[in-house]
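Written out below as structure tokens is the structure these notes cover.
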Amino acid sequence: MEILLSITSGLFLFIGSFLCISGGVGIIRFPDFYTRMHAAGVTDTLGSAMILTGLMFQSGDLLVFAKLVMVLLLILLVGPTTSHVLAKAAFHNGLLPQGLNTLSKSDDKEDTSSNT
Amino acid sequence: MLMGLFNNWVVIVLMMSGLYIVIAHGNLIKKLVGLTIFQTSVFIFYISMAKVNGGSAPILSENISLYSNPLPHVLILTAIVVGIATTALGLSLVVRLKESYGTIEEEEIQRQDNQQNQALNKERDK
Amino acid sequence: MLIAATLAIFVAMLLAIFRGIAGPTLYDRILAVNMFGTKTVLLISLLGFVMGRPEFLDIAIVYALINFISVIGVLRYSDTDQFKHRQSNDKPTEKEL
Amino acid sequence: MINIVLLSLLVVIAIAIIRMKDLFAVVMLTGIYGLLSASFFVAMDAVDVAFTEAAVGAGISTLLMLVAITMTGRKEKVTRHKPFAALFIVLITGGLLIYGTLDMPLFGSADAPIHSHVAPRYLNDSMQEIGIPNVVTSVLASYRAFDTFGEVVVIFTAGIGVLALLFVPRRKEEDEKIASINDSMHEHHLVIRIITKMLIPFILLFALYVQFHGDYGPGGGFQAGVIFSSAIVLYTMLFGLSTARKVINQGFIQLMAAFGVLFYGCVGIASLMNGGNFFDYNVLSDDPVAGQHLGILLIEWGVGVTVAAIMIIIFFSFAGRRELQQHSENNKNRESL
Amino acid sequence: MITHLPILQVVIPLMAAPICLILKRPQLAWIFALAVSGLAFAISLVLLQQVMVSGVISYELGGWQAPWGIEYRIDQLNALMLLIISTISTIVLFAAPESLDKEISKDKHTYFYVLYLLSLTGMLGIVATGDAFNVFVFLEITSLSAYALIAMGKKKQAVWASFQYLVMGTIGATFILIGIGLMYQMTGTLNMQDLAQRLPEVSQTRTVFTAFAFVIVGVCLKLAMFPLHLWLPNAYAYAPSIVTAFFSATSTKVAIYLLIRFTFSVFGLSFSFTTVPLQTLFMTLGVLGIFVASISAIYQHNIKHLFAYSSIAQIGYMIVGFSISSVSGLTATLLHLFNHALMKSAIFLALAAVAYRVGNVQLDNLKGLGREMPWTMAAIVIGGLSLIGVPLTVGFVSKWYLLTALIEQGWWPIAVLILLGSMLAVIYVWKVVEIAYFKESSGAPVKEAPLSFLIPIWTLVIANVYFGIDTRFSVEIAQAAAQSLFGGGL
């Protein structure tokens with residue numbers, strides 16, 4: 001039983017770590033904000049969930065387990081929300097995906113001129 | 001020996017980069033950031049001296065015998081509060097400065113003050 | 001395995017810091033900070049287990065909360081006129097000076 | 001090992017902060033700096049400190065800096081004066097410090113003077129004398145209760161100072177006018193409003209948990225106060241300052257801040273009345289340990305109330321000043337049109 | 001209750017601050033603050049009397065024994081400092097409402113009184129405590145309230161001066177924090193007396209040397225000692241007049257107290273003056289400070305600036321006395337501490353009266369004031385004479401003691417330099433006198449200051465003259481304090 005638990009936990013931790021690193025690579029390598037946001041947002045939530053689940057197998061104590069569940073719930077609630085708000089705010093404030101840059105240039109100019 | 005002191009040296013580098021920002025940068029917000037870094041590094045210094053190898057957090061528990069020193073923790077709790085208090089007050093000063101001088105660059109503020117003084121002096125000479 | 005996961009988190013943190021430093025837009029930085037915050041939550045949880053005292057998960061909860069609040073704060077206060085329609089590497093407009 | 005990694009990350013960030021000109025990025029990095037140092041504190045077993053640093057360094061102070069830069073502008077001027085003089089001073093100070101480290105006890109060695117003189121008593125006897133497992137709390141709230149009192153007064157001073165500098169009394173009608181132009185970015189952010197509404201009760205509850213659990217785990221009045229105030233701050237950010245002011249008005253919150261300090265002090269006065277020294281909790285009850293429990297519980301409440309009130313005051317002052325600025329700017333724009 | 005006086009001394013003004021905030025009405029807050037400050041004054045008198053009779057008083061906070069808990073420890077030096085601070089605070093507060101009416105908007109008066117009480121608390125706390133870290137905490141209470149108080153001045157330069165002070169002050173405080181940390185690391189204790197016992201064992205280590213350097217530099221930043229004085233003139237000149245009067249008499253004095261406490265009591269005489277070449281360094285800086293500051297004072301157009309520079313010069317005298325490191329030298333420093341508090345608060349209060357009537361304190365606007373405000377200007381003149389060190393004023397007494405202490409050690413050249421420095425004081429004081437009495441008034445005539453100014457000003461002036469003639473009280477305490485510092489630590 002012990003072994004089974006630790007193996008499962010290790011597996012979860014491994015997947016979580018992998019996801020975290022791949023998210024990190026994604027946030028560096030991807031070309032523009034929205035793609036990076038995609039990399040970070042997805043892996044963050046799933047990676048955290050995996051690692052926390054992995055830890056749950058090792059918790060042993062009910063209180064610790066409960067706290068881990070709480071952290072997990074928080075991350076599941078907050079992570080996607082922030083990603084959503086971030087993307088929305090970026091889009092509203094005139095940041096466009098890479099392919100649309102040419103279009104945004106002219107838009108930008110008009111906007112700033114009307115602003116000042 | 002080297003490893004035992006390495007921690008302290010890194011902390012000193014951190015402190016000094018904070019101090020450098022305070023002295024060398026003219027932007028007032030940046031100065032405050034520098035102060036924050038300086039103070040935080042001092043906290044790190046205190047906390048790292050409290051650590052005992054193999055020790056555990058100073059919350060008593062039955063199956064643990066070696067704890068880290070709790071006293072620096074207490075001191076730093078107080079110091080953190082002092083830090084945030086200073087930052088808040090400093091920021092409100094910066095906001096007021098921006099309102100009255102229209103800038104938060106040290107040099108420009110100084111220049112405006114000097115100009116005003118010169119104007120006063122000229123008046124006096126007349 | 002715990003150690004390996006901790007190391008993985010460190011690597012991810014480092015990459016997030018790079019993105020935070022490199023920018024280029026405001027939102028990249030916010031993203032980096034957010035990701036960094038999540039990684040810190042994980043790091044704290046892991047450290048608790050590595051050091052054998054997992055009951056300190058309260059700190060991780062605080063981190064998650066604070067992280068959320070500061071990201072909201074950043075978004076709320078980056079939404080002013082002077083930040084709009086401009087990427088962070090542009091030259092400052094006259095208005096700002 | 002972990003500490004070395006964390007420290008080198010800190011150095012990277014410190015250097016990046018020196019080089020950066022975009023204040024927004026600098027503030028973001030400062031937030032990361034706070035988070036990282038808090039992780040370092042966890043690795044150094046200082047869980048209470050980590051708790052506080054996370055809430056303060058990464059949360060409140062970053063937020064305040066952000067509000068400030070929205071009022072003061074975002075770019076640092078490129079001119080950097082007297083870098084050599086600064087470098088000179090820094091090198092001398094740093095050199096002196098490094099010179100001073102040479103005779104220091106090595107990192108982590110258990111036979112350093114600080115582990116053998118005053119501290120052992122806290123670790124060995126606090127259980128009998130005070131009876132709570134978190135030694136940091138017992139030192140903070142009983143052995144060195146006066147320092148903590150000073151700490152509360154420091155934060156109180158800062159709050160009053162910020163008020164004295166930024167507070168602008170407003171009339172009702174003016175207030176409504178300003179509120180109407182209150183930027184309504186989050187009008188259309190339905191998702192975040194709902195999530196926040198779900199989270200706020202949880203945060204408040206968690207603050208209470210931290211307040212009471214401080215005796216047994218990391219936490220205590222200060223942390224609880226900060227967390228409590230952060231819930232209010234969150235509410236203010238999403239629903240506007242004037243809405244929040246309706247819930248918590250200025251007079252009330254000032255009263256609470258003053259009340260917390262007085263409450264803390266009154267615990268000391270009570271021990272004077274009962275024949276002990278100031279902050280001697282042993283005399284508060286027939287049983288010394290029960291007296292200590294009571295004393296610590298009460299003063300933690302004093303701390304929590306003051307800290308929460310002052311943090312809210314500080315945030316409100318900044319946000320209020322900002323609204324006022326926007327209001328006058330809008331007026332100016334209207335006139336120029 | 002009598003045994004609890006040391007803590008009541010600090011806690012009463014502390015608790016009064018939030019009560020002031022609750023009272024809300026400025027008038028009430030003022031009366032309350034005044035009453036509390038008077039109470040603190042009474043307590044400090046009783047404490048001084050107790051200390052002079054029965055020696056050191058120790059008070060254990062929380063009932064915990066000294067190195068584990070925080071200890072309040074009152075000896076002659078502390079008692080003297082407590083008396084100076086609470087006296088000046090009470091007298092200055094008398095004139096506050098009128099002065100504030102002109103300088104600060106009405107709705108901030110309550111905050112002013114709260115902050116004033118807090119800074120009073122901070123100073124009393126620094127002085128009364130016997131715990132090194134507690135010093136840092138109370139230092140920050142004083143500093144934070146000082147930043148806010150200074151920034152309340154009506155000119156925009158006040159905010160800038162306050163910011164500069166904040167940066168310097170925070171660096172100073174953090175240096176002190178580093179120093180305390182290093183000391184703690186070598187000894188494992190924070191209690192000053194315990195430190196004094198345990199430091200000699202490790203005094204040869206480089207760490208203790210560094211700790212000493214950091215504490216001293218940090219204190220000197222707060223002290224505005226000569227090369228680190230740049231924040232002071234503007235802070236004093238642009239702060240509200242009441243604040244200037246209070247701080248000029250107390251805040252640098254508290255820093256001097258810290259300097260004396262750390263060098264003499266904590267690190268010990270032999271370490272401070274034999275291991276470290278503190279004597280030569282401080283002697284040089286002190287004399288240089290006297291000259292540089294006095295000469296800058298001569299060139300000022302704002303009288304508050306002028307007297308602020310004079311304060312830096314006077315700090316120079318105290319530093320010289322301190323660096324002699326003999327009983328008589330220290331007596332001179334302590335005497336000057338006491339006397340300078342009397343004269344500077346009198347002068348700055350008189351300037352507050354001038355600002356109340358004239359609106360500003362530019363030198364040019366003083367023309368003819370000698371006839372229009374005779375009592376106020378007479379106070380400035382007597383204060384000025386005291387600064388120079390004319391016989392029958394307190395300034396003479398402390399300079400006399402300083403010179404005898406120097407000559408005792410055979411340091412003639414320094415004594416001559418100090419006399420020369422006093423000559424410079426003649427020049428800048430004369431500048432004020434000349435304009436006030438020998439120039440025709442240009443603007444509309446102004447009335448004499450109201451009684452609420454004149455009473456506190458003249459109380460101080462009379463004290464100036466009284467202690468210049470009857471030196472028994474001040475000299476006795478100063479000597480007792482100096483001797484206790486030399487007679488084996490705390």
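A, B, ... follow the sequence lines: proteins, then strands. Residue 1 opens every chain. Source: prediction; values computed, not measured.
In this structure, the side chain of D/E300 does not engage the main chain of D/F212 through any donor-acceptor pair within 3.5 Å. Judged purely by atom type and a 3.5 angstrom limit, D/N134 has no side-chain atom pairing as donor or acceptor with the backbone of D/D215. The main-chain N or O of D/G214 is found under 3.5 Å from a side-chain atom of D/T137 such that the two form a donor-acceptor pair.
Contact check for C/I72 versus D/I192: side-chain heavy atoms found under the 4.5 Å cut-off. With a 4.5 Å cut-off on side-chain heavy atoms, D/L66 and D/F24 count as touching.
Interface remark: D/I32 contributes backbone and side-chain atoms alike to the contact with chain C (heavy atom separation under 4.5 Å). Neither the backbone nor the side chain of D/I60 comes within less than 4.5 Å of any heavy atom in chain C. Residue D/I13 touches chain C through its side chain alone, counting heavy-atom pairs closer than 4.5 Å. Looking at D/D45, only its side chain comes within 4.5 Å of chain C, counting heavy atoms on both sides. Looking at C/I69, both its backbone and its side chain come within 4.5 Å of chain D, counting heavy atoms on both sides. Of the atoms belonging to D/T62, not a single heavy atom falls under 4.5 Å from chain C. Using a 4.5 Å cut-off between heavy atoms, D/I17 makes no contact with chain C at all. There is no contact between D/Y33 and chain C, counting heavy-atom distances below 4.5 Å. When heavy atoms are compared at a cutoff of 4.5 Å, D/M20 approaches chain C solely by way of its side chain, counted from C-beta outward.
Among the candidates D/L9, D/L199, D/I195, D/L63, the residue making the largest number of heavy-atom pairs closer than 4.5 Å to chain C is D/L9. Counting heavy-atom pairs under 4.5 Å between each of C/T6, C/L43, C/I17, C/L7 and chain D puts C/I17 at the top. Options D/V5, D/V233, D/V26 differ in how many heavy-atom pairs under 4.5 Å they form with chain C, and the most are formed by D/V5. The candidate from D/V12, D/T196, D/D48, D/I203 with the greatest count of non-hydrogen atom pairs under 4.5 Å with chain C is D/I203.
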Checklist line | Evaluation steps, side chain to side chain contact (heavy atoms under 4.5 Å, CB included), between D/M237 and D/F315 | finding: CA-CA 10 Å; D/M237 286 192 301; D/F315 184 77; 3.9 Å; yes
Check: Hey, mind stepping through D/I310 and D/V307 against side chain to side chain contact (heavy atoms under 4.5 Å, CB included) and telling me if it holds?
Finding: CA-CA 5 Å; D/I310 291 292; D/V307 169; 6.0 Å; no
Next item on the list: Check the pair D/F51, D/V210 against side chain to side chain contact (heavy atoms under 4.5 Å, CB included), reporting the backbone distance first and the verdict last.
Entry: CA-CA 10 Å; D/F51 214 126; D/V210 171; 3.8 Å; yes
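Under the 30°/60° scheme for interplanar angles, the aromatic rings of D/F206 and D/F202 are found to lie parallel.
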